[in-house]
Amino acid sequence: MSKKHRRHAKHGPGEKSPEAPARAAHPLDPWLIGLAAAGIVLTGYLALVAWFGKTPAFCGPDSDCDLVQQSRWATLLGMPIAFWGLATYALLARLAWRLRTRPSAWRMALAVAAVGAGVSWYLTAISLFVIEATCAWCLASFGISNALLVLLLVRRPAHMPEHAWAKALPAPAGAAFVAVLALGVYFSGFFNPASGPEKPYLKGLAVHLKESGARFYGAYWCPTCQKQKDLFEASVERLPYVECTPNGRRGVRNFDCVANQVESYPTWVIGGQRYTGVMSVAQLAALSGYPPPRSP
(Lines give C-alpha, C1' and ligand atoms only; values in the text may rest on other atoms or scores of the structure.)
Protein backbone atom coordinates (compact mmCIF):
# COMPACT_ATOMS: atom_id res chain seq x y z
CA MET A 1 0.00 0.00 0.00
CA SER A 2 1.37 3.40 -0.93
CA LYS A 3 2.02 6.15 1.66
CA LYS A 4 -0.89 8.20 0.23
CA HIS A 5 -3.31 5.25 0.61
CA ARG A 6 -2.05 4.52 4.15
CA ARG A 7 -2.66 8.14 5.19
CA HIS A 8 -6.28 8.02 3.94
CA ALA A 9 -6.89 4.61 5.51
CA LYS A 10 -6.29 6.02 9.01
CA HIS A 11 -9.51 8.06 8.80
CA GLY A 12 -12.96 6.57 8.80
CA PRO A 13 -15.86 7.58 6.57
CA GLY A 14 -16.95 11.17 7.10
CA GLU A 15 -13.73 12.13 8.92
CA LYS A 16 -11.66 14.97 7.54
CA SER A 17 -8.19 14.27 6.32
CA PRO A 18 -5.44 16.44 7.84
CA GLU A 19 -4.63 17.44 4.27
CA ALA A 20 -8.15 18.94 3.76
CA PRO A 21 -7.83 22.69 3.23
CA ALA A 22 -9.25 25.02 5.92
CA ARG A 23 -12.33 27.06 5.06
CA ALA A 24 -11.18 30.24 3.41
CA ALA A 25 -12.06 33.46 5.20
CA HIS A 26 -13.57 36.30 3.20
CA PRO A 27 -12.43 39.84 3.91
CA LEU A 28 -14.51 41.78 6.39
CA ASP A 29 -16.98 44.12 4.68
CA PRO A 30 -16.17 47.56 6.18
CA TRP A 31 -19.35 49.16 4.86
CA LEU A 32 -21.66 46.60 6.45
CA ILE A 33 -19.82 46.75 9.76
CA GLY A 34 -19.55 50.53 9.65
CA LEU A 35 -23.25 51.11 8.94
CA ALA A 36 -24.31 48.60 11.60
CA ALA A 37 -21.97 50.28 14.11
CA ALA A 38 -23.41 53.69 13.25
CA GLY A 39 -26.91 52.32 13.83
CA ILE A 40 -25.84 50.87 17.19
CA VAL A 41 -24.43 54.21 18.34
CA LEU A 42 -27.48 56.18 17.17
CA THR A 43 -30.17 53.90 18.60
CA GLY A 44 -28.14 53.25 21.75
CA TYR A 45 -28.05 56.98 22.41
CA LEU A 46 -31.80 57.37 21.78
CA ALA A 47 -32.59 54.39 24.03
CA LEU A 48 -30.51 55.78 26.90
CA VAL A 49 -32.12 59.21 26.54
CA ALA A 50 -35.59 57.63 26.65
CA TRP A 51 -34.76 55.46 29.68
CA PHE A 52 -33.55 58.48 31.66
CA GLY A 53 -36.60 60.54 30.67
CA LYS A 54 -34.59 63.11 28.74
CA THR A 55 -34.96 64.53 25.25
CA PRO A 56 -32.35 64.00 22.52
CA ALA A 57 -30.03 66.80 21.50
CA PHE A 58 -31.58 69.36 19.15
CA CYS A 59 -35.10 68.31 20.25
CA GLY A 60 -36.56 71.30 22.03
CA PRO A 61 -39.92 71.22 23.85
CA ASP A 62 -42.88 71.01 21.43
CA SER A 63 -40.52 70.73 18.44
CA ASP A 64 -41.24 68.27 15.64
CA CYS A 65 -38.53 65.99 16.98
CA ASP A 66 -39.99 66.11 20.51
CA LEU A 67 -43.47 65.27 19.22
CA VAL A 68 -42.16 62.18 17.46
CA GLN A 69 -40.02 61.06 20.40
CA GLN A 70 -42.90 61.50 22.86
CA SER A 71 -45.59 59.95 20.68
CA ARG A 72 -47.19 56.60 21.45
CA TRP A 73 -45.28 55.10 18.51
CA ALA A 74 -42.00 55.70 20.35
CA THR A 75 -42.63 52.79 22.75
CA LEU A 76 -43.12 49.12 21.93
CA LEU A 77 -43.96 46.49 24.55
CA GLY A 78 -42.89 48.85 27.32
CA MET A 79 -39.49 49.54 25.79
CA PRO A 80 -38.31 52.53 23.72
CA ILE A 81 -38.59 51.78 20.01
CA ALA A 82 -34.90 52.74 19.82
CA PHE A 83 -34.06 49.70 21.97
CA TRP A 84 -35.51 47.38 19.33
CA GLY A 85 -33.54 49.25 16.68
CA LEU A 86 -30.40 48.75 18.77
CA ALA A 87 -31.05 45.01 18.95
CA THR A 88 -31.58 44.88 15.17
CA TYR A 89 -28.34 46.72 14.38
CA ALA A 90 -26.39 44.59 16.88
CA LEU A 91 -27.67 41.40 15.25
CA LEU A 92 -26.76 42.75 11.79
CA ALA A 93 -23.25 43.58 13.00
CA ARG A 94 -22.89 40.02 14.33
CA LEU A 95 -24.09 38.53 11.05
CA ALA A 96 -21.84 40.83 9.00
CA TRP A 97 -18.88 39.57 11.02
CA ARG A 98 -20.01 35.98 10.52
CA LEU A 99 -20.10 36.44 6.73
CA ARG A 100 -16.29 36.29 6.78
CA THR A 101 -16.38 32.52 7.29
CA ARG A 102 -20.01 31.60 6.60
CA PRO A 103 -21.48 33.06 3.40
CA SER A 104 -24.66 31.15 4.25
CA ALA A 105 -25.35 33.81 6.92
CA TRP A 106 -26.25 36.22 4.12
CA ARG A 107 -29.87 35.06 3.98
CA MET A 108 -30.37 35.62 7.70
CA ALA A 109 -28.71 39.03 7.48
CA LEU A 110 -30.97 39.95 4.55
CA ALA A 111 -34.07 38.92 6.51
CA VAL A 112 -33.05 40.99 9.55
CA ALA A 113 -32.23 43.99 7.34
CA ALA A 114 -35.56 43.66 5.51
CA VAL A 115 -37.48 43.65 8.80
CA GLY A 116 -35.50 46.66 10.06
CA ALA A 117 -36.09 48.61 6.85
CA GLY A 118 -39.79 47.67 6.74
CA VAL A 119 -40.35 48.85 10.31
CA SER A 120 -38.42 52.03 9.56
CA TRP A 121 -40.65 52.74 6.54
CA TYR A 122 -43.76 52.16 8.67
CA LEU A 123 -42.63 54.50 11.46
CA THR A 124 -41.51 57.17 8.98
CA ALA A 125 -44.92 57.05 7.29
CA ILE A 126 -46.59 57.45 10.69
CA SER A 127 -44.33 60.39 11.43
CA LEU A 128 -45.10 62.15 8.15
CA PHE A 129 -48.80 61.43 7.70
CA VAL A 130 -50.19 60.92 11.22
CA ILE A 131 -48.01 62.96 13.59
CA GLU A 132 -47.16 65.37 10.77
CA ALA A 133 -43.68 65.93 12.18
CA THR A 134 -40.19 64.66 11.44
CA CYS A 135 -37.25 63.78 13.63
CA ALA A 136 -33.69 64.07 12.32
CA TRP A 137 -32.57 61.16 14.53
CA CYS A 138 -35.31 58.93 13.14
CA LEU A 139 -34.55 59.93 9.56
CA ALA A 140 -30.88 59.09 10.15
CA SER A 141 -31.85 55.60 11.33
CA PHE A 142 -34.19 55.32 8.33
CA GLY A 143 -31.26 56.03 6.01
CA ILE A 144 -28.95 53.57 7.77
CA SER A 145 -31.46 50.71 7.78
CA ASN A 146 -32.26 51.12 4.10
CA ALA A 147 -28.58 51.46 3.17
CA LEU A 148 -27.87 48.17 4.97
CA LEU A 149 -30.67 46.45 3.06
CA VAL A 150 -29.44 47.75 -0.32
CA LEU A 151 -25.85 46.84 0.50
CA LEU A 152 -26.78 43.28 1.44
CA LEU A 153 -28.74 42.91 -1.79
CA VAL A 154 -25.68 44.06 -3.75
CA ARG A 155 -23.42 41.72 -1.75
CA ARG A 156 -25.45 38.59 -2.60
CA PRO A 157 -23.15 35.52 -2.90
CA ALA A 158 -24.18 34.81 -6.50
CA HIS A 159 -21.96 31.71 -6.70
CA MET A 160 -24.14 29.85 -4.16
CA PRO A 161 -27.26 28.25 -5.74
CA GLU A 162 -29.24 28.50 -2.48
CA HIS A 163 -28.88 32.29 -2.67
CA ALA A 164 -30.58 32.64 -6.05
CA TRP A 165 -33.09 35.51 -6.05
CA ALA A 166 -36.08 33.18 -6.38
CA LYS A 167 -35.08 31.37 -3.20
CA ALA A 168 -33.59 34.25 -1.23
CA LEU A 169 -36.19 37.01 -1.54
CA PRO A 170 -39.55 35.49 -0.43
CA ALA A 171 -38.54 34.85 3.21
CA PRO A 172 -37.13 38.36 3.93
CA ALA A 173 -40.05 40.03 2.14
CA GLY A 174 -42.53 37.91 4.09
CA ALA A 175 -40.77 38.60 7.40
CA ALA A 176 -40.86 42.36 6.76
CA PHE A 177 -44.56 42.21 5.85
CA VAL A 178 -45.44 40.25 9.00
CA ALA A 179 -43.41 42.64 11.19
CA VAL A 180 -45.13 45.73 9.77
CA LEU A 181 -48.56 44.08 10.02
CA ALA A 182 -47.90 43.14 13.66
CA LEU A 183 -46.86 46.71 14.45
CA GLY A 184 -49.99 48.05 12.81
CA VAL A 185 -52.19 45.77 14.91
CA TYR A 186 -50.27 46.63 18.09
CA PHE A 187 -50.49 50.39 17.61
CA SER A 188 -54.12 50.21 16.48
CA GLY A 189 -55.08 49.83 20.14
CA PHE A 190 -56.58 46.38 19.69
CA PHE A 191 -54.78 45.16 22.83
CA ASN A 192 -55.25 48.47 24.67
CA PRO A 193 -57.50 48.63 27.76
CA ALA A 194 -59.57 51.15 25.76
CA SER A 195 -60.89 48.25 23.69
CA GLY A 196 -62.08 46.33 26.73
CA PRO A 197 -65.21 46.61 28.90
CA GLU A 198 -65.88 49.93 30.63
CA LYS A 199 -65.16 50.41 34.30
CA PRO A 200 -68.22 51.82 36.11
CA TYR A 201 -66.35 54.62 37.89
CA LEU A 202 -64.55 55.88 34.77
CA LYS A 203 -67.78 55.69 32.79
CA GLY A 204 -69.66 57.65 35.46
CA LEU A 205 -66.98 60.34 35.71
CA ALA A 206 -66.77 60.78 31.93
CA VAL A 207 -70.57 61.15 31.69
CA HIS A 208 -70.58 63.58 34.61
CA LEU A 209 -67.85 65.75 33.03
CA LYS A 210 -69.83 66.00 29.81
CA GLU A 211 -73.16 66.70 31.50
CA SER A 212 -71.62 69.35 33.78
CA GLY A 213 -70.42 71.36 30.78
CA ALA A 214 -66.70 70.60 31.15
CA ARG A 215 -64.55 70.66 28.03
CA PHE A 216 -61.37 68.78 27.20
CA TYR A 217 -59.46 70.56 24.41
CA GLY A 218 -56.74 68.58 22.67
CA ALA A 219 -55.12 67.50 19.41
CA TYR A 220 -54.85 64.04 17.89
CA TRP A 221 -51.05 64.36 17.48
CA CYS A 222 -50.44 65.56 21.05
CA PRO A 223 -48.64 62.89 23.19
CA THR A 224 -49.93 64.27 26.50
CA CYS A 225 -53.49 64.32 25.14
CA GLN A 226 -53.14 60.62 24.42
CA LYS A 227 -51.94 60.03 27.99
CA GLN A 228 -54.98 61.92 29.26
CA LYS A 229 -57.31 59.78 27.15
CA ASP A 230 -55.60 56.58 28.26
CA LEU A 231 -56.63 57.28 31.86
CA PHE A 232 -60.26 56.71 30.87
CA GLU A 233 -59.57 53.44 29.06
CA ALA A 234 -62.77 52.13 27.40
CA SER A 235 -64.79 55.19 28.45
CA VAL A 236 -62.65 57.61 26.46
CA GLU A 237 -65.38 58.20 23.86
CA ARG A 238 -67.68 59.59 26.58
CA LEU A 239 -65.32 62.47 27.41
CA PRO A 240 -66.33 66.01 26.37
CA TYR A 241 -63.39 66.10 23.97
CA VAL A 242 -62.90 68.91 21.46
CA GLU A 243 -60.40 68.30 18.63
CA CYS A 244 -58.58 71.57 17.99
CA THR A 245 -56.78 70.53 14.80
CA PRO A 246 -59.33 68.68 12.67
CA ASN A 247 -57.63 69.96 9.51
CA GLY A 248 -54.16 68.71 10.38
CA ARG A 249 -51.46 69.96 12.66
CA ARG A 250 -50.79 73.04 10.53
CA GLY A 251 -54.33 73.47 9.23
CA VAL A 252 -57.11 75.81 10.34
CA ARG A 253 -57.96 75.26 14.01
CA ASN A 254 -61.37 74.55 15.47
CA PHE A 255 -63.28 77.81 16.04
CA ASP A 256 -64.21 76.74 19.60
CA CYS A 257 -60.50 76.41 20.46
CA VAL A 258 -59.68 79.78 18.90
CA ALA A 259 -62.58 81.51 20.67
CA ASN A 260 -61.48 80.10 24.03
CA GLN A 261 -57.82 80.99 23.34
CA VAL A 262 -56.60 77.42 23.79
CA GLU A 263 -52.87 77.52 23.10
CA SER A 264 -51.58 74.34 24.77
CA TYR A 265 -52.85 70.78 24.96
CA PRO A 266 -54.50 69.29 26.84
CA THR A 267 -56.57 72.13 28.29
CA TRP A 268 -59.54 71.49 30.56
CA VAL A 269 -62.29 74.01 31.26
CA ILE A 270 -64.24 72.93 34.36
CA GLY A 271 -66.67 75.19 36.17
CA GLY A 272 -65.41 78.18 34.23
CA GLN A 273 -61.82 77.56 35.32
CA ARG A 274 -58.97 76.62 32.97
CA TYR A 275 -56.47 73.84 33.71
CA THR A 276 -53.60 72.74 31.46
CA GLY A 277 -51.68 69.50 31.40
CA VAL A 278 -52.68 65.93 32.17
CA MET A 279 -55.20 65.76 35.02
CA SER A 280 -55.52 62.62 37.12
CA VAL A 281 -58.89 60.91 37.53
CA ALA A 282 -59.00 62.01 41.17
CA GLN A 283 -58.27 65.65 40.24
CA LEU A 284 -61.00 65.70 37.59
CA ALA A 285 -63.47 64.20 40.06
CA ALA A 286 -62.62 66.78 42.73
CA LEU A 287 -62.75 69.76 40.35
CA SER A 288 -66.08 68.70 38.85
CA GLY A 289 -67.76 67.73 42.14
CA TYR A 290 -67.89 64.00 41.46
CA PRO A 291 -67.41 61.47 44.32
CA PRO A 292 -63.74 60.45 44.65
CA PRO A 293 -62.69 56.98 43.57
CA ARG A 294 -62.73 54.34 46.27
CA SER A 295 -59.40 53.18 47.62
CA PRO A 296 -58.57 49.61 46.59
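Note that the structure is predicted; figures quoted are calculated from it, not measured.
Classified by interplanar angle (parallel below 30°, tilted 30° to 60°, perpendicular above 60°), the ring pair F187/W73 is tilted.
In summary, the side chains of W137 and Q69 do not present any donor paired with an acceptor at a separation below 3.5 Å, with no hydrogens or angles considered. E132 and Y220 are linked by a side-chain donor-acceptor pair at a separation below 3.5 angstrom, with hydrogens and angles left out of the test.
Contact record, V68 with S71: O-OG, 2.9 Å, taken as the closest heavy-atom pair. Nearest heavy-atom pair across L202 and L231 is CD1-O, 3.6 Å.
The 12-atom threshold is not exceeded at CH2 of W31, counting heavy atoms of other residues, nucleotides or ligands nearer than 6.0 Å.
No donor-acceptor pair under 3.5 Å is formed between the side chain of Y122 and the backbone N or O of A179. Here the side chain of S120 pairs no donor or acceptor atom with the backbone of G116 at under 3.5 angstrom. Between the side chain of S235 and the main chain of R238, no donor-acceptor pair closer than 3.5 Å is present. No donor-acceptor pair closer than 3.5 Å links the side chain of W268 to the backbone N or O of A214. The main-chain N or O of W121 is never found under 3.5 Å from a side-chain atom of T124 such that the two would form a donor-acceptor pair. A donor-acceptor pair is defined here as one N or O able to donate and one able to accept, closer than 3.5 Å; such a pair exists between the side chain of R253 and the backbone of V262.
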| field | Worked verdict on V236 versus Y241 for side-chain contact (heavy atoms from CB on, under 4.5 Å) | value | CA-CA 9 Å; V236 64; Y241 177 70; over 6 Å; no
| Residue pair L183, L76: steps toward the side-chain contact (heavy atoms from CB on, under 4.5 Å) verdict | CA-CA 9 Å; L183 273 185; L76 175 64; 3.9 Å; yes
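Looking at F58 and S63, their side chains never come closer than 4.5 Å, going by heavy atoms from C-beta outward. For the pair C138/L123, no side-chain contact is recorded, criterion being any heavy-atom separation below 4.5 Å from C-beta on. Looking at heavy atoms from C-beta onward, T134 lies in side-chain contact with L139 at the 4.5 angstrom threshold. In this structure, the side chains of C257 and V242 come closer than 4.5 Å at one or more pairs of heavy atoms. The closest side-chain heavy-atom distance from W84 to V119 is not below 4.5 Å. Residues I270 and Q283 form no side-chain contact, since every pair of their non-hydrogen atoms from C-beta on lies 4.5 Å or further apart.
Y217 pairs with exactly one of T276, T267, N260 by the side chain to side chain donor-acceptor pair (under 3.5 Å) rule, that one being N260. A side chain to side chain contact (heavy atoms under 4.5 Å, CB included) with L284 is found for exactly one of Y275, F232, F216, namely F232. The side chain to side chain contact (heavy atoms under 4.5 Å, CB included) test with Q70 singles out one residue from C65, C222, P223, and that residue is P223.
Remark: R155 is not positioned above the aromatic ring of W106, lacking an NZ or CZ atom under 6.0 angstrom from the ring centre and at most 45 degrees off the axis.
With 2.5 angstrom as the limit on SG-SG distance, C135 and C59 do not come in below it.
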